[in-house]
Amino acid sequence: MGLLDKIFDRDYGIVHKSAVIKYNGIEGWLIWDYLLVNELTFEEKESGKKHSLKVTVSDKKMEACFNELVEKYGI
């Protein structure tokens, strides 16, 4: 297995920030990670199911989105 296989076999890239939230009535984690681009993912606490919420190359846009979701859904 090569280096790229190891990197892309992971559930997440480099985790920049995370928060516990209740999104659409489901508790879980909001994860902001990056490798080539920034991605926001909601991971359900009970099932582990992952939902991609946003992908962008802009750190500024991702920061704003992350903060907005934490303010609205944070627990």
Side-chain angles (χ1 to χ4, degrees):
M1 180 182 282
L3 178 59
L4 288 179
D5 293 325
K6 288 180 184 177
I7 290 171
F8 291 108
D9 189 38
R10 300 171 55 183
D11 286 340
Y12 297 102
I14 299 165
V15 175
H16 181 70
K17 287 186 176 184
S18 64
V20 178
I21 65 171
K22 190 169 189 176
Y23 187 72
N24 292 332
I26 301 169
E27 287 189 32
W29 298 273
L30 180 64
I31 310 289
W32 170 2
D33 72 312
Y34 64 94
L35 275 178
L36 301 174
V37 295
N38 295 297
E39 183 171 12
L40 270 184
T41 304
F42 175 66
E43 183 174 340
E44 296 180 14
K45 182 179 179 180
E46 285 190 29
S47 69
K49 186 175 180 182
K50 295 172 182 66
H51 308 272
S52 180
L53 303 179
K54 184 171 185 74
V55 176
T56 182
V57 295
S58 171
D59 293 342
K60 193 174 194 174
K61 288 180 182 177
M62 188 59 76
E63 181 83 34
C65 186
F66 180 90
N67 291 339
E68 181 181 319
L69 288 171
V70 170
E71 186 175 316
K72 188 172 182 178
Y73 298 109
I75 53 175

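- You'll find the side chain of T41 stays beyond 4.5 Å of the side chain of D11, heavy atoms only.
- The salt bridge (charged side-chain N to carboxylate O under 4.0 Å, His left out) pairs that include a residue from residues 64-73 number zero, where partners must be two or more places apart or lie in different chains.
- Note that CG of L35 and CD1 of I14 are 5.5 Å apart. Values are rounded to the nearest 0.5 Å.
- One hydrophobic cluster, built from ILVMFWY side chains closer than 4.5 Å, holds both I31 and I75.
- Hydrophobic clustering places L53 together with Y73 (ILVMFWY residues linked when any side-chain heavy atoms are closer than 4.5 Å, directly or through intermediates).
- Residues passing the ring pair (Phe, Tyr, Trp, His ring centres under 6.0 Å) test with Y34, sequence neighbours excluded: none.
- Listed by first and then second residue, the side-chain hydrogen bond (donor to acceptor under 3.5 Å, both in side chains) pairs involving residues 20-31 amount to none (not counting sequence neighbours).
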Expected list for residues 55-62: side-chain donor-acceptor pairs under 3.5 angstrom, two or more places apart:
unit_1, atom_1, unit_2, atom_2, d
T56, OG1, S58, N, 3.1
S58, OG, K60, N, 3.4
S58, OG, K61, N, 3.0
D59, OD1, N38, ND2, 2.9

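- The two residues K54 and C65 have their closest heavy-atom pair at CD-SG, 3.6 Å.
- Under the salt bridge (Lys or Arg N to Asp or Glu O under 4.0 Å) criterion, K17 pairs with E63, sequence neighbours left out.
- V70 and V15 fall into different hydrophobic clusters, where Ile, Leu, Val, Met, Phe, Trp and Tyr residues are linked whenever their side-chain heavy atoms come under 4.5 Å apart, directly or through other members.
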Chi angles and distances behind the side-chain contact (heavy atoms from CB on, under 4.5 Å) call for I26, F42:
CA-CA 10 Å; I26 301 169; F42 175 66; 4.3 Å; yes
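- The shortest non-hydrogen separation linking G48 to E43 is O-CG, 3.7 Å.
- The CG atom of L30 sits 4.5 Å away from atom CD1 of I21, with the distance rounded to the nearest 0.5 Å.
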